[in-house]
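Here is the structure we will look at, set down as structure tokens.
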Amino acid sequence: MGQVSGELHAVSLLAMNRVMKCIVILPMGQHLVAKVLCVMVLLITVGLSSYFRFSFDYDFTYDFINDHFSRIVDLTNYVALMMSHVVIVNQLVWRNCRTEIDSQLERIHRVMNAQLGRRVNLDRVRSYCNAIYGSLFIRCLIFGLINVYNNRALTYYALYSEIVLHARFSEFTLYCAVILALYQELILASLSVLAELERSRFELWSVRRLSLEKLAKLQRIHGLIWRANRCLERNFQLCLIIMLMKFFVDTSALPYWLYLSKTIHTDVSIQYYCGIDECVKILEVVVPCWICTRCDAMQRRFRSMFYTLTKDRRNGQLNAALNRLCLQLGQERCQFSAGGLVEISTEMLGKFLFGMISYIVICIQFSLNLTASNSSKVARTPTTNAPL
């Protein structure tokens with residue numbers, strides 16, 4: 001399928017598509033050659049990074065020989081990063097549904113303008129997306145600068161894959177922001193329809209019917225937004241689960257590395273790196289959780305506007321239209337999930353942070369117990385007497 005062109009796409013996802021093409025995780029076109037090129041770049045980067053990473057020919061921030069627990073955490077974290085990178089690029093190359101999502105969003109934009117006479121506020125969409133782009137740029141810039149300041153091969157090997165991870169997750173955040181803006185426009189259109197129903201209570205049936213028909217148009221637009229949500233979920237189904245698991249592993253492991261660095265008195269640049277990387281990843285998860293929660297709140301507000309309508313309820317046509325609308329709204333909830341396993345919301349964010357803190361305590365406690373056990377074994381080891 002070709003690229004979607006439209007006003008809504010131009011102010012929202014167009015820049016992200018260009019960024020992803022520049023870092024060679026999104027094909028320049030739909031030709032097989034472009035897709036093979038992305039796969040070749042993926043294999044080369046992952047292969048070279050893994051070769052140098054597993055050669056262990058660099059400085060470690062821990063005792064690689066004796067500290068088995070830290071070695072397991074380190075290598076597990078790296079393998080999870082490479083798996084995330086591979087899954088993201090393969091899905092973007094072979095199973096990308098972004099054109100379908102963009103087409104549905106543009107269709108909602110056109111239908112809202114044609115049937116309700118309300119143009120989507122593109123300035124609002126642009127401001128939301130620019131804030132996300134600015135956040136992504138600042139986070140990548142800070143992350144790159146702290147890598148240069150740290151100046152260790154251990155972090156350089158993962159820099160490109162980390163940027164790929166942030167770009168893909170920010171793309172999901174951008175789509176959520178666009179849907180939030182559409183829900184806000186739908187709320188404003190609903191207020192206008194309800195005001196029109198109030199004004200036309202005592203008008204002729206020909207005038208009254210035009211107002212009632214707009215309820216069916218609102219119902220149709222809400223159904224289009226709901227279908228766009230489901231298509232968005234399918235497009236990010238696998239990679240969103242992988243990315244959330246990777247962020248959970250990182251946010252749980254980075255404080256452990258910070259604690260270990262303070263314990264063994266390594267370079268302070270490592271502590272700065274761990275602290276900044278932790279803040280960057282937590283912020284990456286917080287923003288889409290908040291936006292998805294706002295979308296759910298907008299949908300519940302839209303539903304309550306018609307549930308609580310009490311005026312002119314003796315009108316049979318109005319009751320029938322409201323019943324159909326409320327029945328659909330009760331079944332089509334605005335919720336984003338990661339493959340159906342977990343809903344993206346502030347409730348999930350609370351569980352994420354609580355689990356992260358729990359695993360931080362577990363890692364530190366396990367390391368302390370392991371160190372104490374090793375020390376006691378060394379103390380009990382008998383020493384050989386020197387020869388006379």
Side-chain angles (χ1 to χ4, degrees), residues 49-50 52-84 139-140 142-163 165-166 243-286 349-383:
S49 177
S50 300
F52 290 112
R53 186 66 169 78
F54 290 106
S55 66
F56 306 116
D57 188 19
Y58 44 82
D59 295 331
F60 290 93
T61 59
Y62 60 94
D63 187 357
F64 183 80
I65 303 299
N66 299 317
D67 194 348
H68 302 288
F69 178 72
S70 297
R71 186 171 64 213
I72 291 173
V73 173
D74 181 23
L75 297 181
T76 302
N77 196 11
Y78 179 78
V79 171
L81 177 62
M82 291 299 105
M83 288 179 58
S84 303
R139 283 183 281 111
C140 289
I142 293 175
F143 187 69
L145 291 176
I146 196 61
N147 271 274
V148 174
Y149 176 71
N150 192 27
N151 195 23
R152 290 177 179 270
L154 192 64
T155 57
Y156 282 138
Y157 297 151
L159 179 60
Y160 177 67
S161 298
E162 292 282 0
I163 293 176
L165 212 67
H166 287 296
M243 288 188 293
L244 285 175
M245 292 180 62
K246 178 62 176 63
F247 286 143
F248 181 78
V249 171
D250 283 346
T251 53
S252 301
L254 285 168
Y256 169 74
W257 296 121
L258 183 62
Y259 158 78
L260 194 64
S261 177
K262 286 181 173 293
T263 302
I264 62 179
H265 304 291
T266 57
D267 192 359
V268 70
S269 62
I270 299 174
Q271 302 173 20
Y272 290 155
Y273 174 85
C274 294
I276 291 176
D277 196 13
E278 179 78 4
C279 295
V280 165
K281 286 183 168 58
I282 290 178
L283 181 62
E284 187 74 58
V285 178
V286 167
L349 178 62
K351 296 176 181 178
F352 182 92
L353 296 177
F354 180 78
M356 177 194 76
I357 295 172
S358 301
Y359 274 95
I360 291 171
V361 174
I362 291 172
C363 288
I364 294 176
Q365 186 63 42
F366 189 85
S367 178
L368 289 173
N369 293 338
L370 191 62
T371 303
S373 176
N374 292 335
S375 300
S376 62
K377 288 180 180 179
V378 171
R380 289 196 301 267
T381 301
T383 58

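The structure displayed is predicted, hence computed values, not measured ones.
- Using a 4.5 Å heavy-atom cutoff, the side chains of Y259 and I360 are not in contact.
- Side-chain contact between M356 and K281: absent, with no pair of heavy atoms (C-beta onward) separated by less than 4.5 Å.
- Side-chain contact check for I270 versus Y273: every heavy-atom pair is 4.5 Å or farther apart.
- Within 6.0 Å of atom OH in Y272, 12 or fewer heavy atoms from other residues, nucleotides or ligands are found, so the atom counts as exposed in its surroundings.
- Side-chain contact between M82 and V79: absent, with no pair of heavy atoms (C-beta onward) separated by less than 4.5 Å.
- The CG atom of N147 lies 8.0 Å from the CG atom of D277; values are rounded to the nearest 0.5 Å.
- How far CG of L368 is from SG of C363: 11.0 Å, rounded to the nearest 0.5 Å.
- Ring geometry, F69 versus F366: the interplanar angle falls from 30° to 60°, so the pair is classed tilted.
- Considering CD of E162 and CG of L81, their distance stands at 5.0 Å, rounded to 0.5 Å.
- Counting only heavy atoms from C-beta outward, the side chains of Y160 and S49 never approach each other to under 4.5 Å.
- Closest of all the heavy-atom pairs between D267 and S261 is O-OG, 3.9 Å.
- By the 6.0 Å contact criterion, CE on M83 is open, its count of non-hydrogen atoms from other residues, nucleotides or ligands being 12 or less.
- Cation-pi check for R53 over Y78 is met; the charged atom lies under 6.0 angstrom from the ring centroid and within 45 degrees of its normal.
- Within the 4.5 Å cutoff, side-chain heavy atoms of Y156 are placed close to those of N151.
- Considering only heavy atoms from C-beta on, I276 stays 4.5 Å or farther from F143 through its side chain.
- Open room surrounds OH on Y359; 12 or fewer heavy atoms of other groups in view lie less than 6.0 Å from it.
- Side-chain atoms of F352 and I282, non-hydrogen and from C-beta on, never get closer than 4.5 Å to each other.
- Note that CE of M243 is 13.0 Å distant from CG of D250, once rounded to the nearest 0.5 Å.
- Listed here is the closest heavy atom pair of S70 and W257: O-CH2, 3.2 Å.
- Interatomic distance, CD of E278 versus OG of S252, reported as 8.0 Å (0.5 Å rounding).
- Taking OG1 from T155 and OH from Y149, the interatomic distance works out to 13.0 Å, rounded to the nearest 0.5 Å.
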